[in-house]
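Take a look at the following structure, please.
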Amino acid sequence: TRQRKVERWQDLLAGTPGQTMVAGTSSGVLGFASAGPGRDRDVTSMIGELYALYVAPSATGQGIGTALLADAVARQRARACHAMTLWVLRDNLHARHFYEASGWYADGAEATETDGDCTFHDVRYRLVLGPETDGGERP
């Protein structure tokens, strides 16, 4: 039911260490972004992270992802973050092009995860928001 979905999302979001922004209408959620402090071991406390960005397929191309991303970046900038990172599937070319068009770049970090029979190859992207002191300047 709708109520169970709402409760499941509330539980999920309550455990998120950052903030989650939601775009929607009276008929439902169109997308969300979640961001907060960077979780990677090789970043400083002045680096934020985009944990997730999702837009419903029926709502793509309407600027919702761009607006959610801009809001997430603005919130990390307000925390005085010097940069942000995100992880994206290496083969998700659509998402990678979207981030690159928004000023993000692959910073060379990669990770591989296995879940059952599936293996996922991720690439880390970075967006510089101001002067960095952790060697993460754009090449």
Side-chain angles (χ1 to χ4, degrees):
T1 69
R2 182 178 170 106
Q3 183 59 35
R4 272 189 274 174
K5 286 181 184 178
V6 168
E7 290 170 1
R8 189 172 65 227
W9 274 103
Q10 287 173 332
D11 291 344
L12 175 70
L13 297 176
T16 303
Q19 297 177 317
T20 299
M21 295 65 64
V22 178
T25 65
S26 59
S27 58
V29 173
L30 300 176
F32 70 91
S34 182
R39 300 174 292 182
D40 296 328
R41 291 183 202 153
D42 66 338
V43 299
T44 69
S45 62
M46 300 309 294
I47 307 295
E49 182 178 347
L50 181 69
Y51 304 139
L53 175 62
Y54 176 80
V55 176
S58 62
T60 59
Q62 299 177 26
I64 294 168
T66 300
L68 287 166
L69 182 60
D71 190 29
V73 169
R75 290 170 186 264
Q76 294 308 297
R77 204 175 249 129
R79 287 186 48 242
C81 287
H82 297 156
M84 289 181 70
T85 61
L86 65 84
W87 288 93
V88 62
L89 288 170
R90 180 182 65 199
D91 295 334
N92 188 344
L93 299 181
H94 180 77
R96 292 182 69 176
H97 290 302
F98 170 76
Y99 293 125
E100 290 167 6
S102 300
W104 296 72
Y105 65 94
D107 71 0
E110 296 187 8
T112 301
E113 298 177 53
T114 302
D115 185 6
D117 294 337
C118 296
T119 300
F120 303 97
H121 302 283
D122 298 316
V123 176
R124 187 171 68 186
Y125 273 67
R126 181 179 293 259
L127 178 69
V128 176
L129 305 178
E132 291 192 69
T133 59
D134 70 343
E137 286 83 8
R138 186 174 184 155

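Quick note: residue numbers are just sequence positions, from 1.
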Interatomic distance, CG@Leu50 vs OG@Ser34, rounded to 0.5 Å, equals 8.0 Å
For residues 64-73, the salt bridge (Lys or Arg N to Asp or Glu O under 4.0 Å) pairs (sequence neighbours left out) are Asp71-Arg75
Value for OH (Tyr99) from CG (Leu53), rounded to nearest 0.5 Å, stands at 4.5 Å
In terms of heavy-atom contacts, Ala35 and Ala72 come closest through CB-CB, 4.0 Å
Sorted by chain and residue number, the side chain to side chain donor-acceptor pair (under 3.5 Å) partners of Arg79 (sequence neighbours excluded) come out as Gln76
Hits for salt bridge (Lys or Arg N to Asp or Glu O under 4.0 Å) against Asp91, two or more places apart or cross-chain, chain-then-number order -> none
Review point. Can you hop from Met84 to Met46 via hydrophobic side chains spaced under 4.5 Å?
Key: no
Using residues 57-65 as the side-chain source, report each donor-acceptor pair under 3.5 Å to any protein atom, sequence neighbours left out, with the distance given to one decimal.
| unit_1 | atom_1 | unit_2 | atom_2 | d |
| --- | --- | --- | --- | --- |
| Thr60 | OG1 | Pro57 | O | 3.1 |
| Gln62 | NE2 | Ser58 | O | 3.4 |

The side chain to side chain contact (heavy atoms under 4.5 Å, CB included) partners of His97 (sequence neighbours excluded) come to Leu93, Glu100
Contacts satisfying salt bridge (Lys or Arg N to Asp or Glu O under 4.0 Å) that involve residues 59-69 (not counting sequence neighbours) are none
In short, salt bridge (Lys or Arg N to Asp or Glu O under 4.0 Å) pairs touching residues 49-68 with sequence neighbours left out are Arg39-Glu49
Do any N or O atoms from the side chain of Asn92 and from the backbone of Ala95 form a donor-acceptor pair under 3.5 angstrom? yes
- Query: Has the side chain of Tyr51 got a donor or acceptor atom that lies under 3.5 Å from a matching backbone atom of Pro37?
  - Reply: yes
Those residues at least two apart in sequence (or on a different chain) that pass salt bridge (Lys or Arg N to Asp or Glu O under 4.0 Å) with Asp107 are Arg124, Arg126
> Do the side chains of Leu69 and Trp104 get nearer than 4.5 Å, heavy atoms only?
Replying inline: yes
Residues 109-120 vs side chain to side chain donor-acceptor pair (under 3.5 Å), sequence neighbours excluded, gives Thr112-His121
Apart from Phe120 itself, its cluster of hydrophobic side chains linked below 4.5 Å comprises Leu89
To the nearest 0.5 Å, atom OH of Tyr105 lies from atom CZ of Arg96 at 14.0 Å
Check your understanding: Transitively linked via ILVMFWY side-chain contacts under 4.5 Å: Trp87 with Leu129?
Key -> no
Min side-chain heavy-atom separation Leu68-Tyr54 under 4.5 Å: no
Applying side chain to side chain contact (heavy atoms under 4.5 Å, CB included) to Ala74 and not counting sequence neighbours gives none
